[in-house]
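Everything below concerns the one structure shown next.
None of these values were measured; they are calculated from a predicted model.
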Amino acid sequence: MAIKKIAFIVDKLPQKAETSRLALTHAIASQTVEIYLDDGDNVEPVLAFVGDGVLNCKKNQKAALDIYGISSLEMHIKNALLVDIEVLVCKEDMDRLGLKEDDIIMDAEEIGGEVTTRILPFDDIWKQVDSSDHLLFF
């Protein structure tokens with residue numbers, strides 16, 4: 001059984017571009033590639049928010065849902081947790097930006113998610129990235 005680990009690194013702000021949304025969409029969609037793999041092979045995505053990218057994880061941000069019908073980044077992150085994607089947030093960057101655990105999306109319990117966001121030091125996040133077969137930087 002081969003596991004292909006894919007790291008999705010987000011360091012961009014959530015505003016003015018679709019970069020963050022693309023990272024989340026690709027991470028969630030990576031779960032569907034199993035139908036193209038050999039029996040027993042699997043994909044293990046890791047979604048890491050570092051630098052200014054940790055601001056994507058802030059709770060209760062306004063979305064263009066009412067105007068354009070676009071889902072919020074908060075819902076995207078919750079969907080990632082729902083499909084058991086490992087979501088990592090850099091502790092040093094949270095401290096730098098004045099964010100506490102209560103300020104960010106930690107779980108998706110209300111929609112049945114069992115996986116929670118992990119707040120880790122950058123070195124631990126880098127170990128996850130370094131052990132990945134593929135790296136996508138957003």
Side-chain angles (χ1 to χ4, degrees):
M1 173 193 312
I3 294 179
K4 293 292 182 190
K5 189 171 183 179
I6 304 173
F8 298 87
I9 309 300
V10 180
D11 78 338
K12 305 289 186 290
L13 291 168
Q15 299 86 11
K16 296 190 179 181
E18 290 294 312
T19 309
S20 305
R21 184 176 302 284
L22 287 172
L24 286 157
T25 302
H26 285 301
I28 293 167
S30 72
Q31 298 293 73
T32 65
V33 301
E34 290 178 12
I35 60 174
Y36 300 110
L37 300 175
D38 294 330
D39 284 342
D41 287 356
N42 204 347
V43 171
E44 181 183 311
V46 174
L47 181 59
F49 294 92
V50 298
D52 290 341
V54 301
L55 292 170
N56 288 281
C57 300
K58 201 164 185 292
K59 289 180 185 173
N60 302 318
Q61 294 188 56
K62 289 273 185 188
L65 180 61
D66 296 338
I67 300 168
Y68 301 109
I70 299 171
S71 65
S72 67
L73 284 173
E74 182 169 353
M75 198 65 227
H76 249 36
I77 292 170
K78 288 181 178 189
N79 283 328
L81 292 166
L82 179 66
V83 295
D84 299 336
I85 292 176
E86 188 170 15
V87 176
L88 311 176
V89 178
C90 182
K91 172 74 171 127
E92 292 90 341
D93 292 317
M94 283 184 61
D95 292 343
R96 177 179 60 85
L97 295 165
L99 295 174
K100 305 289 183 226
E101 185 175 319
D102 288 345
D103 297 327
I104 67 168
I105 303 151
M106 290 300 296
D107 61 52
E109 286 182 3
E110 72 275 11
I111 58 172
E114 297 176 3
V115 174
T116 59
T117 298
R118 293 177 41 207
I119 300 170
L120 298 175
F122 182 79
D123 288 342
D124 291 346
I125 290 174
W126 188 252
K127 288 176 189 172
Q128 293 281 350
V129 170
D130 197 37
S131 68
S132 296
D133 297 298
H134 302 284
L135 172 63
L136 290 95
F137 194 76
F138 293 87

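Here the shortest heavy-atom pairing between P45 and I85 reads CG-CG1, 3.8 Å. The minimum heavy-atom distance linking I105 with T117 is given by the pair O-OG1, 2.8 Å. Here the closest non-hydrogen pair linking V10 and S20 is CG1-OG, 3.9 Å. Between V54 and F49, the closest heavy-atom pair is CG1-O, 3.4 Å. Nearest heavy-atom pair, A48 versus I125, reported as atom, atom and distance to 0.1 Å: CB-CG2, 3.8 Å. In this structure, F122 and E92 approach most closely via the heavy-atom pair N-OE1, 2.8 Å.
Residue pairs meeting the salt bridge (charged side-chain N to carboxylate O under 4.0 Å, His left out) criterion with at least one member in residues 43-54, sequence neighbours excluded: D52-R96. The list of salt bridge (charged side-chain N to carboxylate O under 4.0 Å, His left out) pairs with a residue in residues 115-138, not counting sequence neighbours, reads E86-R118, D124-K127. Listed by first then second residue, pairs satisfying side-chain hydrogen bond (donor to acceptor under 3.5 Å, both in side chains) with a partner in residues 5-14 read K5-Q128, K5-S131, not counting sequence neighbours.
M75 belongs to a hydrophobic cluster whose other members, connected by ILVMFWY side-chain contacts under 4.5 Å either directly or through intermediates, are L82, I111.
With sequence neighbours excluded, the residues that form a side-chain contact (heavy atoms from CB on, under 4.5 Å) with T116 are D107. By the side-chain contact (heavy atoms from CB on, under 4.5 Å) test, E101 pairs with M106, I119, sequence neighbours left out. Judged as a salt bridge (Lys or Arg N to Asp or Glu O under 4.0 Å), and not counting sequence neighbours, the contacts of E110 are K78. When the side-chain contact (heavy atoms from CB on, under 4.5 Å) test is applied to A7, the partners found at least two apart in sequence or on another chain are I9, V129, S132, L135. For D95, the side chain to side chain donor-acceptor pair (under 3.5 Å) partners at least two apart in sequence or on another chain are K91.
Side-chain contact between K4 and N42: absent, with no pair of heavy atoms (C-beta onward) separated by less than 4.5 Å. Within the 4.5 Å cutoff, side-chain heavy atoms of L99 are placed close to those of L55. Looking at heavy atoms from C-beta onward, I6 lies out of side-chain contact with V46 at the 4.5 angstrom threshold.
In terms of hydrophobic clustering, with Ile, Leu, Val, Met, Phe, Trp and Tyr side chains grouped at heavy-atom distances under 4.5 Å, I104 and V87 are assigned to a common cluster. There is no path of hydrophobic side-chain contacts, each under 4.5 Å, that joins F137 to L22. Cluster annotation: V89 and I28 are assigned to the same hydrophobic cluster (Ile/Leu/Val/Met/Phe/Trp/Tyr, side-chain heavy-atom contacts under 4.5 Å, transitive). Hydrophobic clustering places V83 together with F8 (ILVMFWY residues linked when any side-chain heavy atoms are closer than 4.5 Å, directly or through intermediates).
Between W126 atom CH2 and L120 atom CG the span is 15.0 Å, to the nearest 0.5 Å. How far CG of N60 is from CG of D103: 10.0 Å, rounded to the nearest 0.5 Å. The distance from the OG1 atom of T19 to the CZ atom of R21 is 11.0 Å, given to the nearest 0.5 Å.
Just one residue in the list N56, T25, L81 forms a side-chain contact (heavy atoms from CB on, under 4.5 Å) with H76, and that residue is T25.
D93 contributes no side-chain N or O that, together with a main-chain N or O of C90, makes up a donor-acceptor pair within less than 3.5 Å. No donor-acceptor pair closer than 3.5 Å links the side chain of E74 to the backbone N or O of K58.
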TODO: Could you check I3 against V43 for side chain to side chain contact (heavy atoms under 4.5 Å, CB included), going step by step and ending with a plain yes or no?
DONE: CA-CA 6 Å; I3 294 179; V43 171; over 6 Å; no

